[in-house]
Amino acid sequence: MAGIRLPAEDSDVSQVTRQVAAVDLISDDDRSIAADSWSIKSDYGSTLDDEQRQADASEALSSAAYRAASDYSSDKEEPDADTVSSMLGFQSYWDAAYADELTNFREHGHAGEVWFGSNVMENVASWTKNLCLEISQHHSPGTNCLPAGQPEKDLSGWSVLDVGTGNGLLLQELSKQGFSDLTGSDYSEGAIDLARKLADRDGFSNIKFLVDDALDTKLDRKFQLVTDKGTLDAIGLHPDGPIKRIMYWDSISGLVASGGLLVITSCNSTKDELIQEVESFNQRRKISSQEQENAVDQDAGGRDTTFQYIDHIRSYPTLMFGGSVGSRVATVAFLRN
């Protein structure tokens with residue numbers, strides 16, 4: 001089960017109490033319970049037929065201890081104290097989950113789970129549209145100074161990639177906002193099969209879907225906008241999550257075009273933590289660049305600063321927990337230099 005962290009909206013709140021539960025790779029029932037309690041049911045439909053099962057699972061898992069999955073052999077001698085692994089970090093989990101979703105779609109027409117809920121997804125889509133329009137008009141993000149009647153045709157120039165797209169519903173929302181060059185990738189063939197079926201059914205046949213691993217991408221194209229809704233979270237839940245997160249940034253940096261945007265939505269990282277992770281990545285790139293240049297051109301690393309924080313969603317509901325104010329979800333945008 002993914003850890004639920006309350007991302008702080010204010011920069012002076014550096015850490016928020018985390019409640020987490022990890023689940024061993026045991027059975028289909030355990031896999032289903034973990035997913036049900038981590039995800040958020042929505043009006044798009046759900047794989048759950050038993051409301052009480054979800055409530056019971058949530059109660060049981062909330063009291064579990066911090067423990068890593070034991071069936072995976074890692075090259076680390078001891079697990080990182082700050083790392084909690086879960087079945088959601090394994091491709092086998094998602095292949096099985098989307099096999100269930102496909103069956104549910106064929107039998108009941110359900111689209112499946114909407115990670116973080118439909119309200120968050122719609123909020124991400126509309127906020128991202130406004131941010132892209134501001135950038136297109138050379139305005140600073142957050143100034144709310146778009147010209148009246150700005151034609152949404154400006155969005156047609158934005159090529160979009162949604163990594164770990166799952167059922168592809170975020171791309172459908174982005175299409176409703178005016179984006180037209182849309183691509184979704186996922187390493188699970190079942191996810192791509194479901195996304196294609198849903199897009200065809202809902203009248204979004206223009207959206208392209210393909211099987212691709214974000215950590216070892218075979219895409220040879222760069223995109224003006226790359227979105228990630230929960231993918232980095234799932235990657236971090238693998239027993240080798242810290243290593244795979246480094247691989248993620250190396251790979252993603254090659255997919256975002258210069259001057260383009262990366263928009264990440266997370267429930268496991270706060271805004272400040274995502275910014276810190278990007279700064280660490282930029283520093284690694286700078287050191288690597290300087291080493292390759294044999295420190296001849298000291299400015300090379302500066303030019304290779306890859307991502308820069310520009311904005312985040314401020315409209316998510318906040319709550320008090322452990323004396324801190326935070327939100328269950330953080331959406332942060334970074335500009336590719």
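In this chain, numbering begins with 1 at the start of the sequence shown.
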Residues that [X] engages under side-chain hydrogen bond (donor to acceptor under 3.5 Å, both in side chains), provided they are two or more places apart:
X: Thr183; answer: none
X: Asp250; answer: none
X: Thr265; answer: Thr331
X: Tyr187; answer: none

What is the distance from atom [atom1] of [X] to atom [atom2] of [Y], rounded to the nearest 0.5 Å?
X: Leu215; Y: Gln91; atom1: CG; atom2: CD; value: 10.5 Å
X: Thr270; Y: Ile275; atom1: OG1; atom2: CD1; value: 8.0 Å
X: Lys176; Y: Lys129; atom1: NZ; atom2: NZ; value: 13.0 Å
X: Ile235; Y: Leu88; atom1: CD1; atom2: CG; value: 12.0 Å
X: Lys229; Y: Ile264; atom1: NZ; atom2: CD1; value: 13.5 Å
X: Ser159; Y: Phe179; atom1: OG; atom2: CZ; value: 10.5 Å

Flag side-chain contact, heavy atom, 4.5 Å: [X] against [Y]:
X: Leu131; Y: Thr128; value: no
X: Gln308; Y: Arg336; value: no
X: Pro239; Y: Phe90; value: yes
X: Leu171; Y: Phe204; value: no
X: Leu255; Y: Leu262; value: no
X: Leu261; Y: Phe307; value: no
X: Arg328; Y: Val120; value: no
X: Thr227; Y: Leu170; value: yes

Suppose the criterion is salt bridge (charged side-chain N to carboxylate O under 4.0 Å, His left out): which pairs have a residue in residues 198-213, not counting sequence neighbours?
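As it turns out, the salt bridge (charged side-chain N to carboxylate O under 4.0 Å, His left out) pairs with a partner in residues 198-213, which skip direct neighbours, are Asp181-Lys208.
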Once salt bridge (charged side-chain N to carboxylate O under 4.0 Å, His left out) is applied, what residue pairs with a partner in residues 183-198 remain, sequence neighbours excluded?
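Listed once each, the pairs are Asp193-Lys197.
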For [X], enumerate each residue passing the side-chain contact (heavy atoms from CB on, under 4.5 Å) test, keeping only those at least two apart in sequence or located in another chain.
X: Asn119; result: Glu122
X: Ala257; result: Lys222, Gln224
X: Glu277; result: Leu232, Arg245, Trp249, Leu274
X: Ser126; result: Asn123, Gln177

Output, in order, the C-alpha distance, side-chain angles, deciding distance and verdict of side chain to side chain contact (heavy atoms under 4.5 Å, CB included) for Cys132 and Leu155.
CA-CA 7 Å; Cys132 291; Leu155 296 175; 4.0 Å; yes
Ala125 versus Leu174, closest heavy-atom pair with distance:
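It is CA-CD2, 3.8 Å.
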Closest heavy-atom contact between Asp233 and Ser266?
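So the minimum-distance heavy-atom pair works out to OD1-OG, 2.6 Å.
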For Asp216, give me all partners under salt bridge (Lys or Arg N to Asp or Glu O under 4.0 Å), at least two apart in sequence or on another chain.
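Counting only residues at least two positions away or on another chain, Asp216 forms a salt bridge (Lys or Arg N to Asp or Glu O under 4.0 Å) with Lys218.
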Stepwise side chain to side chain contact (heavy atoms under 4.5 Å, CB included) check, Val160 with Phe223
CA-CA 6 Å; Val160 181; Phe223 298 82; 5.8 Å; no
Check against side chain to side chain contact (heavy atoms under 4.5 Å, CB included), Val226 and Val263
CA-CA 6 Å; Val226 174; Val263 176; over 6 Å; no
Main chain of [Y], side chain of [X]: is a donor-acceptor contact present, judged purely on distance under 3.5 Å?
X: Ser280; Y: Gln276; answer: yes
X: Thr103; Y: Ala99; answer: yes
X: Ser86; Y: Gly89; answer: no

Ile246 and Val256: same hydrophobic cluster, using ILVMFWY side-chain contacts below 4.5 Å?
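No, because Ile246 and Val256 fall into different hydrophobic clusters, even though each may have its own neighbours under 4.5 Å.
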Indicate whether any N or O donor in one side chain lies under 3.5 Å from an N or O acceptor in the other, for Asp228 and Tyr248.
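Judged by distance alone, the side chains do pair up.
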Measure up the Tyr309 and Phe334 rings against each other and bin them: parallel (under 30°), tilted (30 to 60°), perpendicular (over 60°).
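Answer is perpendicular, since the angle exceeds 60°.
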